[in-house]
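Notes follow once the structure below has been shown.
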Amino acid sequence: KLLFVTRQPYKVRHIYEDQDANNMGGNLCVLSPVTPDGKVTELVPELSGGLFSRFDLSYDAKKLVFGYKEKDKAFRIYEIDIDPKSGQRIPGKDVRQLTFSNELEAKTMELYKGKFCGNGYDDVDPCYTPDGRIMFVSTRAHRAVLCRAVTATTLHVMEGDGSNMRCISGGQVNELAPGVLDDGRVVYPRWEYVDKGFANAVSLWTVRPDGSGSEHVYKNTCVLPCAL
(Lines give C-alpha, C1' and ligand atoms only; values in the text may rest on other atoms or scores of the structure.)
Protein backbone atom coordinates (compact mmCIF):
# COMPACT_ATOMS: atom_id res chain seq x y z
CA LYS A 1 0.00 0.00 0.00
CA LEU A 2 1.17 3.51 -0.78
CA LEU A 3 0.47 6.66 1.20
CA PHE A 4 0.56 9.90 -0.74
CA VAL A 5 -0.78 13.44 -0.73
CA THR A 6 -2.65 15.17 -3.53
CA ARG A 7 -2.71 18.95 -3.85
CA GLN A 8 -2.51 21.83 -6.25
CA PRO A 9 1.04 22.98 -7.09
CA TYR A 10 2.25 25.46 -4.48
CA LYS A 11 1.89 28.90 -6.06
CA VAL A 12 4.59 30.78 -4.17
CA ARG A 13 7.42 33.05 -5.26
CA HIS A 14 10.29 31.34 -3.49
CA ILE A 15 11.29 28.19 -1.58
CA TYR A 16 11.03 30.01 1.74
CA GLU A 17 7.39 30.97 1.11
CA ASP A 18 5.85 27.48 0.90
CA GLN A 19 3.88 28.12 4.08
CA ASP A 20 2.14 31.06 2.38
CA ALA A 21 0.57 28.88 -0.35
CA ASN A 22 -3.19 29.32 -0.49
CA ASN A 23 -4.39 27.31 -3.50
CA MET A 24 -6.74 24.83 -1.89
CA GLY A 25 -7.66 21.26 -2.78
CA GLY A 26 -6.31 17.76 -2.19
CA ASN A 27 -6.19 15.04 0.43
CA LEU A 28 -4.17 12.31 2.11
CA CYS A 29 -4.71 9.12 0.16
CA VAL A 30 -3.92 5.40 0.09
CA LEU A 31 -3.34 3.46 -3.13
CA SER A 32 -4.00 -0.27 -2.79
CA PRO A 33 -2.71 -2.33 -4.43
CA VAL A 34 0.22 -0.30 -5.76
CA THR A 35 -0.68 -0.73 -9.41
CA PRO A 36 -2.03 1.61 -12.10
CA ASP A 37 -5.53 0.21 -11.53
CA GLY A 38 -5.30 0.19 -7.72
CA LYS A 39 -8.03 1.76 -5.62
CA VAL A 40 -7.43 5.27 -4.24
CA THR A 41 -9.06 6.09 -0.89
CA GLU A 42 -9.12 9.53 0.76
CA LEU A 43 -8.18 9.22 4.45
CA VAL A 44 -9.61 12.57 5.57
CA PRO A 45 -12.44 13.46 3.17
CA GLU A 46 -13.77 16.00 5.66
CA LEU A 47 -10.60 18.09 5.03
CA SER A 48 -10.67 17.91 1.23
CA GLY A 49 -11.27 21.65 0.85
CA GLY A 50 -7.94 22.64 2.41
CA LEU A 51 -4.23 22.33 1.64
CA PHE A 52 -1.83 19.66 2.94
CA SER A 53 1.89 19.96 3.63
CA ARG A 54 4.14 16.94 4.20
CA PHE A 55 3.06 13.95 6.30
CA ASP A 56 4.75 11.11 8.18
CA LEU A 57 3.82 7.58 9.22
CA SER A 58 4.55 6.44 12.77
CA TYR A 59 7.04 3.62 13.34
CA ASP A 60 4.28 1.15 14.23
CA ALA A 61 2.21 2.34 11.22
CA LYS A 62 -0.72 3.16 13.51
CA LYS A 63 -0.68 6.97 13.25
CA LEU A 64 -0.29 9.55 10.52
CA VAL A 65 0.76 13.13 11.26
CA PHE A 66 0.43 15.95 8.75
CA GLY A 67 0.30 19.69 8.21
CA TYR A 68 -2.97 21.20 6.98
CA LYS A 69 -4.53 24.62 6.49
CA GLU A 70 -7.93 26.01 5.61
CA LYS A 71 -8.17 28.81 3.07
CA ASP A 72 -6.73 32.12 4.33
CA LYS A 73 -5.71 30.51 7.62
CA ALA A 74 -2.42 29.22 9.00
CA PHE A 75 -1.05 25.68 8.79
CA ARG A 76 -1.52 23.49 11.87
CA ILE A 77 -0.38 19.94 12.73
CA TYR A 78 -2.97 17.15 12.85
CA GLU A 79 -2.94 13.40 13.44
CA ILE A 80 -5.19 10.44 12.61
CA ASP A 81 -5.24 6.77 13.59
CA ILE A 82 -4.96 4.13 10.86
CA ASP A 83 -5.07 0.35 10.72
CA PRO A 84 -1.53 -0.88 9.91
CA LYS A 85 -2.88 -3.95 8.11
CA SER A 86 -5.43 -2.30 5.85
CA GLY A 87 -3.74 1.10 5.65
CA GLN A 88 -7.16 2.67 6.16
CA ARG A 89 -8.39 5.08 8.79
CA ILE A 90 -9.94 3.49 11.86
CA PRO A 91 -13.73 4.10 11.81
CA GLY A 92 -15.02 6.41 14.51
CA LYS A 93 -11.62 7.99 15.22
CA ASP A 94 -11.67 11.76 14.75
CA VAL A 95 -8.89 13.95 13.38
CA ARG A 96 -6.78 15.27 16.29
CA GLN A 97 -5.39 18.79 16.13
CA LEU A 98 -1.98 18.99 17.86
CA THR A 99 -0.94 22.65 17.43
CA PHE A 100 -3.09 25.67 18.18
CA SER A 101 -3.20 29.43 18.36
CA ASN A 102 -2.06 31.16 21.53
CA GLU A 103 -2.15 34.59 23.12
CA LEU A 104 1.20 35.68 21.66
CA GLU A 105 0.05 34.76 18.16
CA ALA A 106 -3.12 36.79 18.57
CA LYS A 107 -1.10 39.83 19.69
CA THR A 108 1.29 39.42 16.76
CA MET A 109 -1.55 39.16 14.26
CA GLU A 110 -3.14 42.31 15.65
CA LEU A 111 0.14 44.24 15.74
CA TYR A 112 1.12 43.33 12.17
CA LYS A 113 -2.36 43.18 10.62
CA GLY A 114 -2.10 43.51 6.84
CA LYS A 115 1.66 42.92 6.86
CA PHE A 116 3.75 39.86 6.04
CA CYS A 117 3.74 38.40 9.57
CA GLY A 118 0.11 39.17 10.35
CA ASN A 119 -1.33 35.85 9.23
CA GLY A 120 -0.54 33.78 12.30
CA TYR A 121 1.88 30.92 12.91
CA ASP A 122 2.41 28.19 10.33
CA ASP A 123 3.29 24.67 11.54
CA VAL A 124 4.32 22.37 8.68
CA ASP A 125 6.29 19.27 7.65
CA PRO A 126 5.96 17.10 10.81
CA CYS A 127 7.86 13.86 11.36
CA TYR A 128 7.91 11.32 14.19
CA THR A 129 11.19 10.96 16.08
CA PRO A 130 12.39 7.68 17.65
CA ASP A 131 11.79 8.99 21.18
CA GLY A 132 8.05 9.40 20.57
CA ARG A 133 8.04 13.12 19.90
CA ILE A 134 7.16 15.05 16.75
CA MET A 135 9.56 17.43 15.00
CA PHE A 136 8.28 20.06 12.58
CA VAL A 137 9.13 23.50 11.25
CA SER A 138 7.20 26.58 12.30
CA THR A 139 7.17 30.36 12.10
CA ARG A 140 6.53 30.55 15.87
CA ALA A 141 10.11 31.68 16.54
CA HIS A 142 9.32 35.16 15.14
CA ARG A 143 12.18 35.21 12.63
CA ALA A 144 12.25 36.56 9.10
CA VAL A 145 14.22 36.13 5.89
CA LEU A 146 17.05 38.66 5.65
CA CYS A 147 16.43 39.71 2.05
CA ARG A 148 12.62 39.68 1.88
CA ALA A 149 9.62 40.44 4.07
CA VAL A 150 8.76 36.78 4.76
CA THR A 151 8.57 34.85 8.02
CA ALA A 152 11.05 31.99 8.42
CA THR A 153 10.28 28.41 9.44
CA THR A 154 12.66 26.89 12.02
CA LEU A 155 12.89 23.50 13.73
CA HIS A 156 10.50 22.85 16.62
CA VAL A 157 9.74 19.73 18.64
CA MET A 158 6.80 18.70 20.82
CA GLU A 159 5.52 15.66 22.67
CA GLY A 160 3.36 13.23 20.74
CA ASP A 161 0.19 14.86 22.13
CA GLY A 162 1.28 18.38 21.14
CA SER A 163 2.44 19.46 24.61
CA ASN A 164 5.80 20.93 25.65
CA MET A 165 6.45 22.61 22.33
CA ARG A 166 9.78 24.39 21.91
CA CYS A 167 12.08 25.76 19.23
CA ILE A 168 15.34 23.78 19.09
CA SER A 169 17.16 25.91 16.54
CA GLY A 170 18.98 29.22 16.57
CA GLY A 171 18.73 29.40 12.78
CA GLN A 172 17.73 32.83 11.56
CA VAL A 173 16.54 31.78 8.11
CA ASN A 174 14.37 28.93 6.85
CA GLU A 175 14.78 25.30 7.85
CA LEU A 176 12.62 22.88 5.90
CA ALA A 177 11.20 19.36 5.59
CA PRO A 178 12.83 17.38 8.46
CA GLY A 179 13.11 13.60 8.13
CA VAL A 180 14.64 10.91 10.35
CA LEU A 181 17.71 8.91 9.30
CA ASP A 182 18.31 5.27 10.22
CA ASP A 183 20.59 6.30 13.12
CA GLY A 184 17.93 8.56 14.67
CA ARG A 185 19.33 11.90 13.57
CA VAL A 186 17.06 14.36 11.79
CA VAL A 187 18.19 15.54 8.36
CA TYR A 188 16.82 18.76 6.88
CA PRO A 189 17.58 21.47 4.28
CA ARG A 190 18.74 24.72 5.84
CA TRP A 191 18.96 28.19 4.33
CA GLU A 192 22.36 29.57 5.26
CA TYR A 193 23.78 32.99 4.43
CA VAL A 194 27.16 32.64 6.15
CA ASP A 195 30.04 32.39 3.66
CA LYS A 196 27.71 31.54 0.76
CA GLY A 197 27.11 32.72 -2.77
CA PHE A 198 23.61 33.42 -4.02
CA ALA A 199 23.21 30.04 -5.74
CA ASN A 200 24.62 28.10 -2.81
CA ALA A 201 22.34 28.89 0.09
CA VAL A 202 20.36 25.70 0.81
CA SER A 203 22.32 22.67 1.99
CA LEU A 204 21.73 19.58 4.14
CA TRP A 205 22.23 19.49 7.91
CA THR A 206 21.52 17.00 10.66
CA VAL A 207 20.52 17.44 14.30
CA ARG A 208 19.53 15.11 17.13
CA PRO A 209 15.85 15.13 18.14
CA ASP A 210 16.70 17.14 21.29
CA GLY A 211 18.37 19.91 19.26
CA SER A 212 21.98 18.96 20.07
CA GLY A 213 24.70 17.85 17.67
CA SER A 214 23.94 20.18 14.76
CA GLU A 215 26.21 19.15 11.89
CA HIS A 216 26.64 19.96 8.23
CA VAL A 217 26.20 17.04 5.83
CA TYR A 218 26.44 18.16 2.22
CA LYS A 219 26.72 21.14 -0.14
CA ASN A 220 28.55 23.64 2.02
CA THR A 221 30.68 24.79 -0.91
CA CYS A 222 29.07 23.15 -3.96
CA VAL A 223 27.38 25.63 -6.30
CA LEU A 224 25.42 22.99 -8.21
CA PRO A 225 22.82 21.77 -7.54
CA CYS A 226 21.54 25.21 -6.61
CA ALA A 227 19.41 24.03 -3.69
CA LEU A 228 18.38 20.81 -1.98
Side-chain angles (χ1 to χ4, degrees), residues 1-7 18-19 26-32 34 41-44 46-47 50-69 74-100 121-141 153-169 171 174-190 204-215 217 228:
K1 300 171 184 64
L2 179 69
L3 280 168
F4 65 97
V5 63
T6 61
R7 65 184 179 212
D18 275 2
Q19 67 272 14
N27 213 288
L28 283 170
C29 301
V30 171
L31 173 66
S32 178
V34 187
T41 305
E42 290 187 346
L43 292 178
V44 278
E46 65 269 42
L47 301 182
L51 181 62
F52 292 80
S53 75
R54 291 173 179 263
F55 66 87
D56 193 33
L57 181 68
S58 64
Y59 291 94
D60 59 6
K62 293 182 178 180
K63 294 182 293 185
L64 191 65
V65 68
F66 58 94
Y68 172 82
K69 70 182 292 185
F75 274 103
R76 296 288 186 247
I77 305 296
Y78 296 83
E79 187 179 58
I80 58 173
D81 296 306
I82 60 176
D83 182 344
K85 291 185 178 181
S86 69
Q88 298 298 320
R89 187 168 162 191
I90 298 178
K93 294 284 188 176
D94 294 331
V95 177
R96 294 186 296 277
Q97 184 172 342
L98 300 182
T99 64
F100 297 87
Y121 301 145
D122 286 295
D123 308 318
V124 294
D125 299 352
C127 67
Y128 293 105
T129 60
D131 59 5
R133 292 185 289 180
I134 296 172
M135 188 173 289
F136 60 103
V137 295
S138 176
T139 60
R140 292 174 182 265
T153 53
T154 50
L155 290 173
H156 286 63
V157 70
M158 61 184 175
E159 302 301 321
D161 61 359
S163 63
N164 195 27
M165 183 191 302
R166 63 190 181 95
C167 179
I168 62 167
S169 170
N174 286 64
E175 295 163 340
L176 310 160
V180 179
L181 298 174
D182 288 345
D183 63 5
R185 292 179 300 162
V186 176
V187 63
Y188 62 99
R190 172 177 167 179
L204 288 180
W205 289 71
T206 57
V207 68
R208 298 189 185 104
D210 64 358
S212 66
S214 180
E215 186 176 14
V217 175
L228 296 174

Heavy-atom check, side chain of [X] versus side chain of [Y], under 4.5 Å:
X	Y	result
Val180	Tyr59	yes
Ser138	Thr154	no
Arg54	Val124	no
Phe75	Leu51	yes
Ser58	Val65	no
Glu79	Tyr128	yes

Assess the side chains of Gln19 and Thr139: does a donor N or O sit below 3.5 Å from an acceptor N or O?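 Note: Gln19 and Thr139 side chains miss the donor-acceptor criterion.
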What's the spacing between Leu43 CG and Leu3 CG if we round to 0.5 Å?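 If we round to the nearest 0.5 Å, Leu43:CG and Leu3:CG are 6.5 Å apart.
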Say you draw a straight line from CG of Leu98 to CZ of Arg76; how long is it, rounded to the nearest 0.5 Å?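 It is 12.0 Å, given to the nearest 0.5 Å.
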Considering residues at least two apart in sequence or located in another chain, which fulfil the salt bridge (Lys or Arg N to Asp or Glu O under 4.0 Å) criterion with [X]?
X	result
Asp81	Arg96
Asp182	none
Arg89	Glu46

Could you list the residues that satisfy side chain to side chain donor-acceptor pair (under 3.5 Å) with [X], not counting sequence neighbours?
X	result
Asp122	none
Thr99	Asp123
Tyr121	His142

Is the closest basic N to carboxylate O distance between Asp210 and Arg208 below 4.0 Å?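 Arg208 and Asp210: not salt-bridged.
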